[in-house]
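So the structure is just underneath, and the comments pick up after that.
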Amino acid sequence: MSTDNAPSIHNDDAASRFETTVDGHTAHVEYRRTGDTIELTHTIVPPAIEGRGIGTSLAEYALAFARTNSLKVIPTCAFISAHIAAHPEHADLVA
């Protein structure tokens, strides 16, 4: 997904998730904040919008949020964990 087509992502603090809506379908990363850590627990991308880089965009947003807010990441979500492994520039965020 190019940056021109990147989805608009926002933090729904009340629901503890980063989310975006694409073609009427909402994708999100669920999290738990405790002190100076953020646990990224689950990533959901509906099948109708899979394969378009939306999960990757959500992961990048979540990790950028952690970095901006000086939070350490606990990647309990398998997708987020794999994303960090594939992008070592984020390894310093891991608690």
Side-chain angles (χ1 to χ4, degrees):
M1 173 176 283
S2 75
T3 54
D4 293 342
N5 296 328
S8 174
I9 300 169
H10 70 277
N11 178 17
D12 182 344
D13 195 45
S16 296
R17 67 189 207 172
F18 304 110
E19 65 182 23
T20 186
T21 301
V22 176
D23 296 340
H25 301 277
T26 300
H28 65 272
V29 172
E30 298 169 3
Y31 66 83
R32 277 188 219 106
R33 279 187 73 170
T34 307
D36 64 350
T37 64
I38 186 165
E39 180 180 7
L40 303 174
T41 60
H42 201 52
T43 302
I44 298 288
V45 177
I49 57 173
E50 284 180 349
R52 295 166 58 176
I54 295 165
T56 297
S57 293
L58 285 164
E60 286 292 323
Y61 184 94
L63 295 168
F65 179 89
R67 189 172 302 284
T68 298
N69 290 282
S70 300
L71 301 171
K72 285 295 187 177
V73 173
I74 301 169
T76 55
C77 167
F79 181 83
I80 299 290
S81 184
H83 183 80
I84 292 169
H87 299 275
E89 66 270 21
H90 299 304
D92 66 307
L93 291 171
V94 178

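Under the 4.5 Å side-chain heavy-atom criterion for grouping Ile, Leu, Val, Met, Phe, Trp and Tyr, V45 is connected to V22 within one hydrophobic cluster. Side-chain heavy atoms closer than 4.5 Å link hydrophobic residues (I, L, V, M, F, W, Y) into clusters, and following such links, possibly through other members, connects I84 to I9.
Y61 and N11 get closest at one heavy-atom pair: OH-N, 3.7 Å. Nearest heavy-atom pair across I54 and A27 is CG2-CB, 3.8 Å. Taking both residues in full, the closest heavy atoms of D13 and Y31 are given as OD1-OH, 3.3 Å, listed atom of the first, atom of the second, then distance. Across all non-hydrogen atoms, the minimal contact from C77 to H42 is CB-N, 3.7 Å. Contact detail for P75 and S81: the closest heavy-atom pair is O-CB, 3.8 Å.
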TODO: Please step through side chain to side chain contact (heavy atoms under 4.5 Å, CB included) for the pair F18 and L40, ending with a clear verdict.
DONE: CA-CA 10 Å; F18 304 110; L40 303 174; 4.2 Å; yes

Task: Verdict with supporting geometry, R52 and D23, side chain to side chain contact (heavy atoms under 4.5 Å, CB included) - done: CA-CA 12 Å; R52 295 166 58 176; D23 296 340; 2.8 Å; yes

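Remark: F65 CZ to L93 CG distance equals 12.5 Å, nearest 0.5 Å. Between H83 atom NE2 and L63 atom CG the span is 5.5 Å, to the nearest 0.5 Å. Between the NE2 atom in H28 and the OG1 atom in T21 there is a gap of 11.0 Å [rounded to 0.5 Å]. Rounding to the nearest 0.5 angstrom, the gap separating the CZ atom in R33 from the CG atom in N69 is 5.5 Å. Of the inter-residue distances, the one linking L58 atom CG with T20 atom OG1 reads 6.5 Å to the nearest 0.5 angstrom. To the nearest 0.5 Å, the span separating CD1 on I80 from NE2 on H90 amounts to 9.5 Å.
When only modelled atom types and interatomic distance are considered, E39 and T76 share a side-chain donor-acceptor pair under 3.5 Å.
With hydrogens and angles disregarded, no donor-acceptor distance shorter than 3.5 Å links the side chain of S16 to the backbone of R32.
Around the CZ atom of R67, the shell of radius 6.0 Å holds more than 12 heavy atoms that belong to other residues, nucleotides or ligands.
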